[in-house]
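Here the structure comes first, spelled out in structure tokens, and everything after it is commentary.
First the proteins, then the strands, lettered A, B, ... as listed; each starts at 1.
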Number of protein chains: 2
Amino acid sequence: MLDLAILGLLEERDLHGYEIRRQLREHLGLLANVSFGSIYPALTRLEKSGAVVATEGGGTEAPGPAAAPAPPTGSLSGELAVLRSRRHSPARARRGKKVYRITETGRQLFAELLAGGGATDDARSFGLRLAFARHLAPQARLALLERRRALLVQRLGEAEEARADLDVYARSVVQHTADGIARDISWLDTLIASERDDLATAGTEPVT
Amino acid sequence: MLDLAILGLLEERDLHGYEIRRQLREHLGLLANVSFGSIYPALTRLEKSGAVVATEGGGTEAPGPAAAPAPPTGSLSGELAVLRSRRHSPARARRGKKVYRITETGRQLFAELLAGGGATDDARSFGLRLAFARHLAPQARLALLERRRALLVQRLGEAEEARADLDVYARSVVQHTADGIARDISWLDTLIASERDDLATAGTEPVT
DNA sequence: GGAAGAGTATATCGGTTCGATATAGCGGTG
DNA sequence: CACCGCTATATCGAACCGATATACTCTTCC
């Protein structure tokens with residue numbers, strides 16, 4: 001689900017496809033190494049479903065190397081300005097750069113995906129969800145962590161049942177993977193403890 | 001690349017689709033949790049390319065050399081299924097059960113995939129390759145491990161470059177992932193050392 | 001000054017995998 | 001004997017990837 005990742009980035013600023021990919025690779029490269037063959041179809045998809053809108057931005061923005069296409073905070077007027085400039089100066093606009101903005105529908109979808117909506121159990125989805133967990137309510141965050149923990153514990157149990165007649169290499173791979181899951185679980189434990197701590201102190205000491 | 005996994009299993013005994021899935025889940029469940037939606041197309045694919053042949057139904061064993069579908073030592077359910085089906089439905093083999101056998105072409109393909117033929121860099125492919133590494137020549141095994149190690153070291157380096165302005169959650173995920181890669185590397189180191197050791201003792205002490 | 005190359009940007013194609021679903025024979029149990 | 005769960009094969013749509021095509025812009029070097 002890279003819809004989640006895209007919406008998460010758009011939640012902070014408007015971006016175009018190329019920038020989205022760069023940000024993902026730069027910040028979450030180990031977690032989500034996405035290709036254009038995924039990004040652009042995903043954006044089209046999201047646009048079709050109304051979660052984002054594309055503004056044909058030919059914006060004469062600062063052409064610096066790190067030029068973030070984020071418009072000034074006056075969002076509506078910015079949008080109009082872009083449209084107007086597009087209308088008035090036709091041809092240029094560096095080959096139809098499409099800047100995407102998240103909509104209200106998109107924010108709802110994001111919240112739903114984040115909370116575990118179209119729940120896919122793979123590590124990447126979870127990692128992505130957790131990476132955007134600051135957009136989640138504290139108790140939802142805790143629920144996410146605990147759901148993940150329960151899943152991993154179950155998986156580990158199933159794996160332990162049938163550790164069978166494997167040769168050295170296969171056994172080593174399986175053992176290493178299992179160790180990795182155990183490590184994930186104890187990592188989750190520290191996160192869960194920290195969350196609980198936050199909840200408790202927020203509850204008992206509302207004033208600092 | 002689950003072609004690799006399928007061929008690897010068929011390398012040992014003839015199997016049908018359902019059994020292949022079960023074996024994969026049972027033995028390598030953490031590594032390759034495959035669904036039927038992948039298995040059957042893959043088998044069709046492999047059959048079309050001549051890597052495997054399908055023999056309709058239960059009976060008719062051992063016309064070819066050495067590849068009897070049921071060696072008596074295993075006590076595996078596949079064996080039992082074959083025996084059961086043979087006992088209860090002699091000629092018809094319950095709704096066209098297709099048993100697949102690997103061909104010489106298939107063995108070549110397997111060797112090629114194992115050595116890193118259609119090289120995909122994901123963890124699963126590598127895990128699968130290593131799990132079947134006993135079919136590999138010692139130096140090819142070593143090369144596989146070292147290639148993987150180099151890749152992971154590079155990835156880790158790239159990730160370290162850009163550890164930037166992330167909030168607690170995103171940073172935790174990224175850090176945890178990076179730690180996992182570091183752990184993978186040191187695991188590979190022990191495997192590499194072990195392989196080198198084997199090579200050395202095999203070289204200097206050809207007689208045990 | 002202009003050719004070459006690197007970087008920015010969007011898009012499509014074929015192929016693989018997944019999850020869900022359909023179908024159907026079979027064994028055992030209430 | 002009717003039902004349930006297991007065995008077994010198969011297909012569908014959607015998602016993702018890697019490769020590839022296209023085209024514009026900016027810098028660099030001769």
Side-chain angles (χ1 to χ4, degrees), chain A residues 1-6 15-25 32-49 54-69 91-100 113 118-122 124-125 128, chain B residues 1-6 15-25 32-49 54 56-58 77-89 92-100 113 118-122 124-125 128:
Chain A
M1 239 47 178
L2 91 161
D3 294 17
L4 176 66
I6 292 175
L15 292 170
H16 55 256
Y18 195 86
E19 259 292 306
I20 289 175
R21 180 184 193 242
R22 175 192 285 150
Q23 299 237 347
L24 282 180
R25 285 174 98 96
N33 201 341
V34 203
S35 89
F36 289 127
S38 315
I39 285 272
Y40 289 113
L43 283 171
T44 309
R45 200 162 67 226
L46 287 172
E47 192 183 6
K48 211 170 293 183
S49 80
T55 72
E56 291 282 336
T60 53
E61 297 281 331
R92 296 288 71 92
R94 51 197 309 172
R95 220 273 261 229
K97 186 151 103 181
K98 280 192 190 172
V99 175
Y100 290 91
L113 290 176
T120 46
D121 282 350
D122 58 305
R124 278 179 51 157
S125 289
L128 235 35
Chain B
M1 242 42 178
L2 91 161
D3 294 19
L4 177 66
I6 292 176
L15 291 170
H16 51 99
Y18 193 86
E19 258 294 304
I20 288 174
R21 181 175 125 111
R22 175 192 285 151
Q23 298 238 347
L24 282 180
R25 285 174 99 93
N33 201 342
V34 202
S35 88
F36 289 127
S38 315
I39 288 272
Y40 289 114
L43 283 171
T44 309
R45 200 161 69 226
L46 288 171
E47 192 182 6
K48 211 169 294 181
S49 80
E56 291 280 335
S77 33
E79 234 175 277
L80 296 179
V82 168
L83 291 176
R84 220 185 306 123
S85 88
R86 219 182 297 158
R87 195 169 15 163
H88 287 308
S89 57
R92 306 235 327 153
R94 61 197 315 182
R95 219 278 258 223
K97 184 152 105 182
K98 281 191 188 174
V99 176
Y100 290 92
L113 290 176
T120 46
D121 282 351
D122 58 306
R124 278 178 52 158
S125 289
L128 233 36

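When rounded to the nearest whole Å, the span between CZ of A:Arg25 and P of C:dG7 equals 14 Å. Atoms CZ (A:Arg21) and P (C:dT10) sit 12 Å apart, rounded to a whole Å. Look at CD1 on A:Ile39: it is 15 Å from C1' on C:dT8, rounded to the nearest Å. Distance A:Asn33 CG to D:dC17 P: 8 Å, rounded to the nearest Å. Taking atom CZ on A:Phe36 and atom C1' on D:dG18, their separation rounds to 12 Å, with Å as the unit. For A:Leu24 and D:dC16, the CG to C1' distance is 14 Å, given to the nearest whole Å. One can place CD1 of A:Ile20 at 16 Å from P of C:dT8, the figure rounded to the nearest angstrom. We find that CZ of A:Arg22 is positioned 6 Å from P of C:dA9, with the value rounded to whole Å.
Under 4.0 angstrom from either OP1 or OP2 of D:dT7 there lies at least one side-chain N or O belonging to B:Tyr18. Distances shorter than 4.0 Å separate none of the side-chain N or O atoms of A:Lys98 from OP1 or OP2 on C:dT10. In this structure, B:Tyr40 reaches the D:dT9 phosphate: one of its side-chain N or O atoms is under 4.0 Å from OP1 or OP2.
The backbone N or O of B:Val34 lies less than 3.5 Å from a partner atom in the side chain of B:Arg21, making a donor-acceptor pair.
Across all their heavy atoms, A:Ser125 and A:Met1 have their closest contact at OG-N, 4.2 Å.
Remark: B:Glu19 CD to B:Ile39 CD1 distance equals 11.0 Å, nearest 0.5 Å. The OG1 atom of A:Thr120 sits 9.5 Å away from atom CG of A:Leu128, with the distance rounded to the nearest 0.5 Å.
Evaluation of the side-chain hydrogen bond (donor to acceptor under 3.5 Å, both in side chains) rule for B:Asp121 yields no partner, not counting sequence neighbours.
Identified under the side chain to side chain donor-acceptor pair (under 3.5 Å) test for residues 35-49 of chain A, with sequence neighbours left out: A:Asp3-A:Arg45.
When each of A:Leu43, A:Leu46, A:Leu15, A:Ile6 is paired with A:Tyr100, the side chain to side chain contact (heavy atoms under 4.5 Å, CB included) condition holds for A:Leu43 and for no other.
Residue-to-nucleotide proximity on DNA chain D shows that, of B:Gly17 and B:Asp121, the 5′-proximal contact is made by B:Gly17.
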Polar-atom pairs under 3.5 Å, protein N or O versus N or O of nucleotides 13-17 of chain C: list them with distances, or write none.
residue : atom : partner : partner atom : Å
C:dT17  : OP1  : B:Met1  : N            : 2.8
C:dT17  : OP1  : B:Leu2  : N            : 3.0
C:dT17  : OP2  : B:Arg45 : NH2          : 2.9

